[in-house]
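Everything on this sheet refers to the single structure shown next.
The chain is numbered in sequence order, starting from 1. Treat the numbers as computed from the prediction; the structure is a model and nothing was measured.
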Amino acid sequence: SNEKVPEKLHQLLLEKSEGNPYFLEELLQDLMESGTFKKENGAWEVSHEIQTLRVPETLQEVVQARVDRLPQGERLTLQSASVIGKRFGYQLLETIAPHADKLPGQLLTLQRADLIREWSRQPEPTYDFKQSAVQEMTYQQLLADQRRDLHQRVAQSLEVMFAEQLEEHAAMLAHHFSLAENETKALHYHRMAGNNSLKVNANIEAAEHYTRAIELAQDHAEISIDELSHLYLSLGRVYELLAQYERALDVYDQLREVADRRGEPKVGLRARLAKNTLRVTPTPLFDAEVGRRMSEEALQLAREWDDPEAEAKTLWHIGLLGRLTGQDAEAVKLFEQSLAIAEENDFEEQIGFTLTDLYWSYLVLEPVDKSRETVDRAQEIWSKRENLPMMVDTLAGRVFVLFLAGEYTQAIETSKRALEISEKIDNLWGKSYSQSYLGFAYLELGEISTAFETAHRSIALGNKAGFFVPGVIL
């Protein structure tokens, strides 16, 4: 606007706001709403002497003053909305607002006061707080008991509204039940949100939800050991996918301690096996000697306790050590024993893991077709389970199978598909592995510079991910 603010007031406002445009805007709104700054006869005037004018010192003060001047109904509605979040829908607000029948008029008043604004009208009216500061400061004005009660009501309303899509809204439900201090419900939804995040490879979010669920579970003795095992093993797996291997080891050690306290030796064995996986696979923690000793101890316990799942996993571990140390004939025997136990008991995930490594040893000892059949079977399992990191693993292996079969163009296309998935889920390990064998195909096609560029890129990414295979084979 070209209309001028009185010079002395202008200087005072600049001094108080320290140049913060939002603070300055709120100060002007506050002065206009209080009647201190108003337009008369076409000119803006101040109703008090500048020297006696009381101007709020902080943004919090000015927002609080504006909220305090609202009629009680509008103020309570704004506070209820602040509990939902910066953006809120009419339907949810209606379930917790103190005067739902007056809600349309109250929202209109709040819009005119420039505290909220309409964000969309479809599929339902949805509103935003104009600034995060308004939402945050309005929320802070609530007493602790009021916040807990409102968060509980929001969460219960969400459960009713999204009864058929609870998994989709699990993170929001976990948030509100946590702030309502309803630990049982919060634990339930943090676990659900963690599972959902892991499924779509949102690994940082998954780690946050699993960590919070484990914290909540500590004070609940009624939580089953299977539930706890799932939380710890899932969190450890997330850290592996994030290439945070030491943190994964720490989580598995914590699970073993929990199992010991609860007198659950089989769960303790699961923790040991998860930890040993990092010793027998190509990670920075690979240690053939430690891995073999731990595997032999685990195999003895698995057989003593008649635990076929642990036995199949341990045989896979020992087979991995054979494959990575050049003992492929022995590795094949162990992999096939693992596979037989897993197939007999329908341990689908273990079948996938064993097949994923068995085809490498077949490459050394058997015709390419047998290896190709095995890797394709593994890929079908990971595709069915929607396990994208393991799909990348089998696709990357298939690149080498296609290279050996002389199908260079198809090898390149398969590598590109694996890289595309890896980039989609932001998996460093997959980005490296998907390009590990690509250079061989480019060499055969005479594209030497592209082959070397691909090899260097794979090695560099592998170093970042703690994945040593590209550095060995290239």
Side-chain angles (χ1 to χ4, degrees), residues 167 170-171 187 190-215 217 225-259 266-286 291 294 298 309-310 312-314 316-317 320 342 347-357 378 381-394 421-422 424-433 465-467:
E167 289 189 3
L187 170 57
H190 274 299
R191 180 184 190 273
M192 187 183 292
N195 293 344
N196 291 343
S197 297
L198 179 56
K199 185 176 180 179
V200 299
N201 299 284
N203 295 314
I204 293 175
E205 291 82 356
E208 292 171 354
H209 286 298
Y210 285 133
T211 298
R212 183 62 183 134
I214 289 170
E215 290 171 354
I225 191 63
D226 285 338
E227 171 96 350
L228 283 170
S229 177
H230 169 80
L231 292 173
Y232 279 102
L233 291 175
S234 297
L235 178 58
R237 178 58 181 153
V238 168
Y239 283 138
E240 289 182 40
L241 291 170
L242 291 169
Q244 298 179 22
Y245 302 109
E246 293 289 351
R247 296 186 76 172
L249 282 183
D250 183 55
V251 170
Y252 299 141
D253 283 336
Q254 291 175 37
L255 175 58
R256 189 172 176 183
E257 290 172 6
V258 170
K266 285 190 175 183
V267 174
L269 180 56
R270 283 185 223 166
R272 292 176 63 173
L273 289 172
K275 186 175 180 178
N276 197 38
T277 299
L278 297 173
R279 301 296 187 191
V280 300
T281 51
T283 73
L285 302 178
F286 176 80
M294 291 178 66
E309 187 173 8
K313 194 176 190 76
T314 306
W316 168 57
H317 281 174
L320 269 166
F347 298 144
E348 186 179 59
E349 184 176 59
Q350 186 57 59
I351 293 171
F353 281 126
T354 301
L355 288 171
T356 299
D357 290 294
I381 290 174
W382 299 128
S383 179
K384 174 186 172 184
R385 295 178 69 89
E386 298 181 341
N387 188 325
L388 297 183
M390 292 308 300
M391 278 182 62
V392 170
D393 190 307
T394 51
I421 295 172
S422 300
K424 176 183 176 182
I425 63 177
D426 195 22
N427 186 292
L428 268 178
W429 180 92
K431 291 177 188 178
S432 170
Y433 195 29
F467 177 52

Atom [atom1] in [X], atom [atom2] in [Y]: separation rounded to 0.5 Å?
{"X": "Leu388", "Y": "Asn201", "atom1": "CG", "atom2": "CG", "value": "5.0 Å"}
{"X": "Leu320", "Y": "Arg279", "atom1": "CG", "atom2": "CZ", "value": "15.0 Å"}
{"X": "Arg272", "Y": "Leu269", "atom1": "CZ", "atom2": "CG", "value": "6.5 Å"}
{"X": "Asp226", "Y": "Arg270", "atom1": "CG", "atom2": "CZ", "value": "5.0 Å"}

Closest heavy-atom contact between Val280 and Gly291? CG1-CA, 3.9 Å
Looking at Val251 and Tyr232, what are the two nearest heavy atoms and their distance? CG1-O, 3.1 Å
Side chain to side chain contact (heavy atoms under 4.5 Å, CB included) test vs Asn196 passes for just one of His209, Glu167, Glu205, Arg191, namely Glu167
Can a side-chain donor-acceptor contact be found between Asn203 and Tyr239 if the only test is distance below 3.5 angstrom? no
Would you say the side-chain atoms of His230 and Asn195 include a donor-acceptor pair closer than 3.5 Å? yes
Could you go step by step and tell me if His190 and Ile214 meet the side-chain contact (heavy atoms from CB on, under 4.5 Å) rule? CA-CA 9 Å; His190 274 299; Ile214 289 170; over 6 Å; no
Take Leu278 and Leu249 through the side-chain contact (heavy atoms from CB on, under 4.5 Å) test and state the conclusion after the steps. CA-CA 8 Å; Leu278 297 173; Leu249 282 183; 3.7 Å; yes
Taking side chain to side chain donor-acceptor pair (under 3.5 Å) as the definition, give me every residue that meets it alongside Asp357, ordered by chain and number, with sequence neighbours left out.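 Expected list: Trp316, Arg323.
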Does Thr394 use its side chain to pair, donor to acceptor, with the backbone of Met391 at less than 3.5 Å? yes
Lys424: which residues meet the salt bridge (Lys or Arg N to Asp or Glu O under 4.0 Å) condition with it, sequence neighbours left out?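 For Lys424 there are no salt bridge (Lys or Arg N to Asp or Glu O under 4.0 Å) partners, ignoring immediate neighbours.
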Could you go step by step and tell me if Leu233 and Tyr252 meet the side-chain contact (heavy atoms from CB on, under 4.5 Å) rule? CA-CA 7 Å; Leu233 291 175; Tyr252 299 141; 4.0 Å; yes
Evaluate side-chain contact (heavy atoms from CB on, under 4.5 Å) for Lys431 paired with Asp426, printing each intermediate quantity in order. CA-CA 8 Å; Lys431 291 177 188 178; Asp426 195 22; 3.0 Å; yes
